[in-house]
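This chain uses plain numbering: 1 for the first residue, then up along the sequence.
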Amino acid sequence: MTPKFTIEQSVIDGIIRDVCIQRGMTRPELTGQSRLTEHIDARREAVRRLMAVGLSTTQIGRALNRDHSTIVTAYRRGILQRMATSPGG
């Protein structure tokens, strides 16, 4: 059996911390239930970065206190939002 690739918790925490610092918010604000636009946008950024390092939607959901299907939706909406705001998009 091939061992699964695992991401260190410190990498996950570092990404979440970086997003919080860049967006000027706390981790509880990022992982909480707020539906403020700035919190939603920060979560989408965190999802994008965590997917980029190879985390599954389930793992990201655990890190952000969300269901994996919410992570899939956030990722898709983040992509569409970037396409709409990019030059020539």
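Donor-acceptor pairing under 3.5 Å is recorded for the side chains of Ser34 and His39.
Side chains of Val53 and Ile12 form no contact here, defined as non-hydrogen atoms less than 4.5 Å apart. Looking only at side-chain heavy atoms (C-beta outward), Met51 and Tyr75 come within less than 4.5 Å of each other. Side-chain atoms of Arg23 and Glu45, non-hydrogen and from C-beta on, do get closer than 4.5 Å to each other.
In terms of modelled atom types and a separation under 3.5 Å, the side chain of Glu29 and the main chain of Thr26 share a donor-acceptor contact. A donor-acceptor contact shorter than 3.5 Å links the side chain of Arg43 to the backbone of Leu30. In terms of modelled atom types and a separation under 3.5 Å, the side chain of Arg66 and the main chain of Ala74 share no donor-acceptor contact. Using modelled atom types, no side-chain atom of Arg49 and backbone atom of Asp18 make a donor-acceptor pair closer than 3.5 Å. Using modelled atom types, no side-chain atom of Arg62 and backbone atom of Ile60 make a donor-acceptor pair closer than 3.5 Å.
Remark: Leu64 CG to Thr31 OG1 distance equals 7.5 Å, nearest 0.5 Å. The CD atom of Gln33 sits 7.5 Å away from the CG atom of Asn65 when rounded to the nearest 0.5 Å. Distance check: Gln9 CD to Asp13 CG gives 4.5 Å after rounding to the nearest 0.5 Å.
Under the 4.5 Å side-chain heavy-atom criterion for ILVMFWY residues, no single connected hydrophobic cluster contains both Ile16 and Leu36. Following chains of ILVMFWY side-chain contacts shorter than 4.5 Å, one cannot reach Ile40 starting from Met25, and the two form parts of different hydrophobic clusters.
Residues Ile15 and Ala46 approach most closely at CG2-O, 4.4 Å, considering heavy atoms. Minimum heavy-atom separation, Thr57 to Ile71: O-CG1, 3.7 Å.
Within 6.0 Å of CZ on Arg27 lie more than 12 heavy atoms contributed by other residues, nucleotides or ligands.
Scored by the side chain to side chain contact (heavy atoms under 4.5 Å, CB included) test, Asp67 finds Ser69, Thr70 as partners (sequence neighbours excluded).
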